[in-house]
There are 2 protein chains.
Amino acid sequence: MSDTTPETGNAFDIKDFPQLYSVLNDEDKEFLLSNHVVKYYAKNDKIYGEGEKPKGLLCLGSGKVKVYKEGIGGREQIVRMVAAPNFLGYRALFAEDVHIASAVAIEECTIFFIPKDVVFKLISSNSKVCKNILRSFAVELGFTRYRTVSLTQKHIRGRLAESLLFLRDIYGYKDDGITLDIQLSREDIANFSNMTTSNAIRTLSTFVNEKVIAVDGRTIKIVDETKLERISKLG
Amino acid sequence: MSDTTPETGNAFDIKDFPQLYSVLNDEDKEFLLSNHVVKYYAKNDKIYGEGEKPKGLLCLGSGKVKVYKEGIGGREQIVRMVAAPNFLGYRALFAEDVHIASAVAIEECTIFFIPKDVVFKLISSNSKVCKNILRSFAVELGFTRYRTVSLTQKHIRGRLAESLLFLRDIYGYKDDGITLDIQLSREDIANFSNMTTSNAIRTLSTFVNEKVIAVDGRTIKIVDETKLERISKLG
DNA sequence: ATAAAAACATGTTATATAACACAAATTTAA
DNA sequence: TTAAATTTGTGTTATATAACATGTTTTTAT
């Protein structure tokens with residue numbers, strides 16, 4: 001992590017983080033502006049790790065992050081793929097617990113750090129802040145529960161298809177309207193879909209053969225959305 | 001569901017629901033007391049179902065509830081076992097979504113229903129209410145994520161052992177200190193542990209043979225906690 | 001009290017997928 | 001610019017567990 005501006009020079013600031021800033025009154029805006037820290041992370045930088053204690057709220061202002069848990073025999077399970085703007089690592093904060101997952105920047109990130117006491121002061125004085133955080137939790141819990149069922153019940157093809165559709169939902173397409181706006185290693189795709197890397201590679205190949213997707217290195221195009229959704233649905 | 005007092009005559013009321021009542025000031029207490037409904041459910045009564053829209057907040061005052069999702073081919077996955085006092089069905093409320101799971105009373109329950117607008121008024125006027133709900137979400141999200149990894153990565157023995165330990169954590173023991181204070185069908189145990197009923201039965205039997213647990217019908221005693229924890233940990 | 005239904009139990013077979021092995025391609029480092 | 005390491009790709013084998021079959025016991029309904 002670096003405290004200097006990133007090379008790209010994109011000047012993101014907390015005013016562009018709607019879940020927090022846009023619902024505050026002028027006084028609280030002033031308070032927040034003078035009580036947060038902007039942090040920059042390069043690709044592959046660790047943002048927090050399992051077992052660490054959160055010192056405040058993290059707000060992903062720009063960039064992409066993967067959140068994963070170490071499982072049996074060090075096998076990594078990606079439990080969340082995060083797009084900006086979104087809260088990050090807030091579960092541990094509100095459970096008054098240590099982090100039970102790790103977060104890594106999968107591309108350059110801007111993160112706004114808000115100290116614990118500042119967060120709780122904002123929540124106390126502004127119920128809209130509270131509602132936004134509640135909504136984030138509710139949406140994420142829904143996603144996680146849905147995934148539990150998919151990852152345990154669907155077969156490999158269904159799991160992979162669903163993962164690709166989730167990546168579409170989270171990061172969207174590039175300008176061409178078919179290229180997923182995220183680059184992941186086969187291993188990350190496997191860890192997100194609960195399968196071995198070999199099987200992720202194999203199944204991606206069969207999807208290419210079936211003309212459901214097109215692959216060029218780590219660039220994935222969804223060629224036949226309907227078919228992919230059918231594969232995901234059938235399990 | 002019935003609106004009359006249950007046969008047992010246990011007079012639970014919302015004053016015994018600490019997550020809400022104990023943090024309110026006198027005015028809000030009055031407001032809550034005159035703006036909620038007490039509902040009674042018999043064993044096996046459905047409390048809400050997938051696709052329904054929540055009309056308010058449910059607070060489980062007494063009794064036990066299972067929350068499950070319909071998966072592939074109608075296969076049911078229990079995503080939460082609830083003990084009183086606890087919030088229930090609140091994810092959909094705060095996500096402004098329909099229920100994505102169903103809730104069924106596994107024994108007689110008392111539930112306090114608080115209409116949506118009353119809930120939001122309480123949250124606005126009292127940040128401690130908000131914090132309590134945030135904590136519930138945070139704890140539950142942690143549990144759900146932990147489970148996702150266990151249910152996908154652990155083998156049958158580990159999954160079943162873990163489920164039994166979770167049931168112990170959630171419902172505790174009876175007075176003898178070894179009998180789980182919850183009665184479940186083998187099918188429910190299977191649906192909680194992501195396995196077929198046959199395999200749940202089979203694995204319970206091997207645990208009995210290994211003197212880890214003792215079983216009499218639906219009554220389960222944990223005879224060797226250390227061994228059970230080891231089985232759960234090894235996966 | 002008896003029939004019907006549901007739950008429990010156990011043995012056998014089929015199969016999805018992990019595990020393993022190895023090669024090729026690509027990226028990183030020296 | 002060459003070597004080393006990592007990632008990607010593919011074929012084979014082993015195995016955990018679902019699926020199936022069938023019988024027994026317990027519960028529920030009449």
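In what follows, every heavy atom counts, from backbone to side chain, and hydrogens, waters and symmetry copies are set aside. First the proteins, then the strands, lettered A, B, ... as listed; each starts at 1.
When only modelled atom types and interatomic distance are considered, Arg186(B) and Asn199(B) share no side-chain donor-acceptor pair under 3.5 Å. Checked by atom type, the side-chain pair Arg147(A)/Ser163(A) shows a donor-acceptor distance below 3.5 Å. Counted by atom type alone, Gln183(A) and Thr219(A) present one or more donor-acceptor pairs between their side chains at under 3.5 Å. A donor-acceptor contact under 3.5 angstrom links the side chains of Asp176(A) and Thr179(A), judged on distance only. For the residue pair Glu187(B) / Thr197(B), no side-chain donor-acceptor distance below 3.5 Å is found, with atom types taken as modelled. Looking only at atom types and distance, the side chain of Thr148(A) has a donor-acceptor partner in the side chain of Thr148(B) under 3.5 Å away. Side chains of Lys66(A) and Ser102(A): no donor on one and acceptor on the other come within 3.5 Å.
Aromatic ring centroids of Phe87(A) and Phe17(A) lie under 6.0 Å apart.
Contacts between residues 65-75 of chain A and DNA chain D, counted as heavy-atom distances below 4.0 Å, involve no residue at all. Listed in residue order, the members of residues 202-216 of chain B having a heavy atom less than 4.0 Å from DNA chain C are Arg202(B), Ser205(B). Within residues 147-162 of chain A, no residue places a heavy atom under 4.0 Å from DNA chain D.
Without hydrogens or angle criteria, Gln153(A) side chain to Ile72(B) main chain gives a donor-acceptor distance under 3.5 Å.
The aromatic rings of His99(B) and Tyr48(B) lie parallel to each other, with less than 30° between the two planes, well short of the 60° mark. The aromatic rings of Phe192(A) and Phe143(A) lie parallel to each other, their planes meeting at an angle below 30°, with 60° marking the opposite boundary. Tyr90(A) and Phe94(A) have perpendicular rings, their planes meeting at more than 60° on a 0 to 90° scale where under 30° would count as parallel.
Heavy atoms only, all atoms of each residue included: Asp224(A) and Lys211(A) are closest at CB-O, 3.8 Å. Residues Ala200(B) and Leu160(B) come closest through the heavy atom pair O-CD2, 4.1 Å.
The nucleotide range of DNA chain C contacted by chain A, defined by atoms under 4.0 angstrom from heavy atoms of the protein and reported 5' to 3', is dA16(C) to dC20(C).
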Exercise answer: donor-acceptor pairs, residues 49-56 of chain B side-chain atoms, under 3.5 Å, sequence neighbours excluded:
unit_1   : atom_1 : unit_2   : atom_2 : d
Glu50(B) : OE2    : Glu70(B) : N      : 2.8
Glu52(B) : OE1    : Gly49(B) : N      : 3.4
Glu52(B) : OE2    : Gly49(B) : N      : 3.2

Between the protein and nucleotides 23-30 of chain D, list the N/O to N/O atom pairs that are separated by less than 3.5 angstrom.
none

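In this structure, the CE atom of Met195(B) is 16 Å from the C1' atom of dA19(D), given to the nearest Å. What separates CZ of Arg186(A) from C1' of dT6(D) is a distance of 14 Å, to the nearest Å.
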